[in-house]
There are 2 protein chains.
Amino acid sequence: MKSRRDELVDTALRLFYKQGFNATGIDKILSESGVAKMTLYKHFGSKDELILAALTRRDEQFRDWLTNAMETASPDPRAQLLSLFDALEKWFRGQAFKDLGFSGCAFINASGEFTDPDHPAHRIAKQHKQEIVDYLAKLCTKAGATDPETLAEQLALLKEGAIVTAHVRGMPEAARVAKTIATGLLDAALPA
Amino acid sequence: MKSRRDELVDTALRLFYKQGFNATGIDKILSESGVAKMTLYKHFGSKDELILAALTRRDEQFRDWLTNAMETASPDPRAQLLSLFDALEKWFRGQAFKDLGFSGCAFINASGEFTDPDHPAHRIAKQHKQEIVDYLAKLCTKAGATDPETLAEQLALLKEGAIVTAHVRGMPEAARVAKTIATGLLDAALPA
DNA sequence: TGACAAATAGACAGATCGGTCTGTATATAT
DNA sequence: ATATATACAGACCGATCTGTCTATTTGTCA
């Protein structure tokens with residue numbers, strides 16, 4: 001059973017993601033979640049704190065989904081790395097996070113609204129991206145890459161490019177463009 | 001000499017870019033530009049129209065800068081394509097658009113605040129990205145690529161990945177990560 | 001000098017914002 | 001049954017938002 005706090009965070013995440021952070025008012029979150037205003041301010045000190053809680057929830061949710069998708073795709077680390085882009089395409093096409101749809105990356109969006117790198121929301125975004133790079137580097141090591149960190153940075157950059165292209169241009173097939181490049185990188189960087 | 005309209009659009013672009021669209025109020029644009037409110041509403045029917053004008057200005061400004069940087073870098077189309085990433089790194093480090101600094105891509109940011117693909121701001125963003133792809137495809141053709149459209153899409157995706165990585169993670173060296181990948185793509189796709 | 005266009009300052013309206021407060025209802029546990 | 005914690009509804013506050021209005025000033029051209 002969901003707590004009132006969970007109800008708030010889930011509703012906030014959904015609205016922030018679809019309509020933006022600054023454009024989403026407290027009152028809309030309250031009416032859509034059916035929670036009273038005082039309850040919000042018992043759990044969170046301010047709207048800003050609710051934003052951070054929503055982003056933290058998204059971080060867990062997204063990385064759980066991604067690592068699960070990649071690890072169930074294949075036992076082979078090389079194939080797992082490539083399956084990243086298959087998972088992305090499903091996301092772009094609205095087949096993951098069905099209650100949220102696809103409105104780009106919540107962390108890229110947050111960094112766009114809070115451009116100051118010291119803003120807490122921007123810091124969470126940076127941390128989220130770093131954790132994904134670290135996860136990819138782990139897989140690259142398992143796959144036998146001689147320079148797993150560099151390879152992970154390259155794959156992560158392809159991921160970001162695919163997300164932006166899919167969202168701004170409405171082009172979910174960007175995932176396959178990225179996958180093609182990634183295949184070439186893995187062929188060159190991994191032992192046959 | 002700058003018209004009052006230009007003064008408004010330039011100030012609006014600077015504030016929208018640094019602080020976000022929804023977070024920037026009309027009054028701040030007016031006070032920083034020294035323009036009266038009625039003058040704004042004579043030139044533009046609403047804040048939304050000013051947003052569109054600012055994005056349109058940014059489109060011209062950015063593509064002028066980019067194509068100029070690439071075409072002055074070398075007469076060779078292959079080298080021009082690679083110099084895209086040198087230009088990006090200068091941008092990331094704040095050495096281009098000195099009055100604006102670097103706060104990510106204004107069009108990615110706009111798409112993040114106006115996620116609806118039918119929103120006029122999102123449409124302008126999509127169009128901006130498409131025009132850059134078309135320009136890259138033209139250069140790829142000149143460089144002798146057998147499939148210039150695909151190559152252009154790949155290079156554009158690398159560009160988007162570099163921008164996001166540089167902004168969200170504060171990592172201007174992402175331009176070189178992208179350039180390394182691009183070099184491999186060009187080596188494989190262009191005649192020796 | 002006089003007419004006209006454009007921009008100015010600033011009050012104002014109506015809505016919405018984030019956040020505070022009071023008072024009531026509900027549910028659990030002793 | 002009573003005490004306690006939690007959440008409810010909703011009024012309320014000051015600030016801010018976009019957009020409208022009036023009245024005044026500035027600059028230009030004839």
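On a predicted model such as this, the values are computed, not experimentally measured, just so you know. Order of the sequence lines sets the chain letters (A, B, ...), proteins ahead of strands, with each chain counted from 1.
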J.: For the side chain of A:Met38, counting heavy atoms from C-beta on, which of C:dA7, C:dT22, C:dG19 is nearest?
T.: C:dT22
J.: Partners of B:Lys179 by side chain to side chain contact (heavy atoms under 4.5 Å, CB included), sequence neighbours excluded?
T.: B:Leu82, B:Phe85, B:Asp86, B:Thr183
J.: Starting from the 5' end of DNA chain C, give me the residue, B:Thr39 or A:Ser46, whose nearest nucleotide shows up first.
T.: B:Thr39
J.: Any residue in residues 13-35 of chain A with a heavy atom nearer than 4.0 angstrom to DNA chain D? Just list them by number, or reply none.
T.: A:Gly34, A:Val35
J.: What side chain to side chain donor-acceptor pair (under 3.5 Å) pairs are there with at least one residue in residues 135-145 of chain B, not counting sequence neighbours?
T.: B:Glu71-B:Tyr135
J.: With sequence neighbours excluded, give me every side chain to side chain donor-acceptor pair (under 3.5 Å) pair touching residues 45-56 of chain B.
T.: none
J.: How long is the line joining NZ of A:Lys47 and C1' of C:dT16, in whole Å?
T.: 11 Å
J.: Given a cutoff of under 4.5 Å between side-chain heavy atoms of I, L, V, M, F, W and Y, with clusters grown through shared members, what are the other residues clustered with B:Met171?
T.: none
J.: Using a cut-off of 4.0 Å on non-hydrogen atoms, how would the nucleic acid contact of B:Lys42 be classed: base, sugar-phosphate, or nothing?
T.: nothing
J.: Could you name each residue pair satisfying ring-ring contact (aromatic ring centres under 6.0 Å, His included) that touches residues 22-60 of chain B, not counting sequence neighbours?
T.: none
J.: Just grab all the side chain to side chain donor-acceptor pair (under 3.5 Å) pairs involving residues 155-165 of chain A, residues at least two apart or on different chains.
T.: A:Lys129-A:Glu160
J.: Name the first nucleotide and the last nucleotide along DNA chain D (5' to 3') that come under 4.0 Å of a heavy atom in chain B.
T.: D:dT18 to D:dT22
J.: Can you pull the side chain to side chain donor-acceptor pair (under 3.5 Å) pairs that have at least one residue in residues 166-178 of chain A, sequence neighbours excluded?
T.: A:Glu89-A:Arg176, A:Arg169-B:Gln130, A:Arg169-B:Glu153
J.: Separation of A:Lys37 atom NZ from C:dC21 atom P, in whole Å?
T.: 13 Å
J.: Could you state the atom-to-atom distance from CG of A:Leu50 to C1' of C:dG19 in whole Å?
T.: 13 Å
J.: How close do A:Ala152 and A:Cys140 get, heavy atom to heavy atom, and via which atoms?
T.: N-SG, 4.0 Å
